Amino acid sequence: MAGTGTPGWRAWLAVAGGGLLGTELRYGLGLAFPDAAGMMPWTTLGINVAGSFVLAALTTFWIARPRIAFWLRAGLGPGLLGSFTTFSAVVFAVDQFSRANLHLVWIAYLGLSLLLGFGAAAAGWRTGKVLADRSGAPA
């Protein structure tokens, strides 16, 4: 199966395992740091920003290190971080705030999500590049 251009069983298993871990981590953080109804969802914002940073750093490092096993990249990227972060939670919160006529809240939340998410991804890219350079990986 892996020779046909489709991922092998290791990648499928890694994505499933990473997805389980990322979902549980996100759920646990939501329980540990619950957001008050009608207020800015800081926990979700923090999760998405942190995930943007880590995914950008890892992806940048992996580009410099293409020999890292595909199953590991799949398990950590789309698996763990894909389930840990989610844009659907942002859209859901924006919809709920909009329906409750909390327009300043949803505009601020969406703006912060985009601004901080892109900023975290840029910082992650830079961090991944520095780590790759320090490890002697070709740029």
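All values derive from a computational prediction rather than experimental measurement.
Formation of a donor-acceptor pair under 3.5 Å by the S98 side chain with backbone atoms of V94 is not found in this model. Judged purely by atom type and a 3.5 angstrom limit, T43 uses its side chain to pair as donor or acceptor with the backbone of F33. A donor-acceptor pair is defined here as one N or O able to donate and one able to accept, closer than 3.5 Å; no such pair exists between the side chain of N48 and the backbone of G117. Between the S135 side chain and the A132 main chain, a donor and an acceptor come within less than 3.5 Å of each other. Between the side chain of R73 and the backbone N or O of T59 there is no donor-acceptor pair closer than 3.5 Å. In this structure, S83 contributes its side chain and G19 its backbone to a donor-acceptor pair below 3.5 Å.
Note on L116: it clusters hydrophobically with I107, by side-chain heavy-atom contacts below 4.5 Å among ILVMFWY residues. Residues L115 and F87 do not share a hydrophobic cluster, clusters being chains of Ile/Leu/Val/Met/Phe/Trp/Tyr side chains in contact below 4.5 Å. When hydrophobic clusters are built by joining Ile, Leu, Val, Met, Phe, Trp and Tyr residues whose side-chain heavy atoms come closer than 4.5 Å, directly or via intermediates, L131 is grouped together with F53. Linking Ile, Leu, Val, Met, Phe, Trp and Tyr residues whenever their side-chain heavy atoms come within less than 4.5 Å leaves L114 and L55 in two separate clusters. Criterion: ILVMFWY side-chain heavy atoms under 4.5 Å apart, direct or through other members. Under it, V54 and L76 are part of a common hydrophobic cluster.
Separating the CH2 atom in W42 from the CD1 atom in I47 is a distance of 14.0 Å, to the nearest 0.5 Å. Here the CZ-CH2 distance, from F118 to W125, works out to 15.5 Å after rounding to the nearest 0.5 Å. In this structure, R26 CZ and F84 CZ are separated by 7.0 Å, a value rounded to the nearest 0.5 Å. Atom CE of M39 sits about 13.5 Å away from atom OH of Y109, to the nearest 0.5 Å. To the nearest 0.5 Å, atom CD1 of residue I63 and atom CG of residue L58 are 11.0 Å apart. For the atom pair CG (L25) and CG (L80), the distance works out to 7.0 Å, reported to the nearest 0.5 Å.
Within the 4.5 Å cutoff, no side-chain heavy atoms of R126 are placed close to those of T60. Within the 4.5 Å cutoff, no side-chain heavy atoms of T86 are placed close to those of F92. Using a 4.5 Å cut-off on side-chain heavy atoms (C-beta onward), L31 and Y27 make contact. Contact of the F61 side chain with the I68 side chain is registered, since non-hydrogen atoms from C-beta on lie closer than 4.5 Å.
When all heavy atoms of M40 and L112 are compared, the closest pair comes out as CE-CD1, 4.1 Å. Scanning both residues, A121 and A56, for their nearest heavy atoms gives O-CB, 3.2 Å.
Between V90 and the choices L45, D95, L110, T85, the side-chain contact (heavy atoms from CB on, under 4.5 Å) rule is met once, by L110.
In this structure, W62 places its CH2 atom where more than 12 heavy-atom neighbours from other residues, nucleotides or ligands lie under 6.0 Å away.
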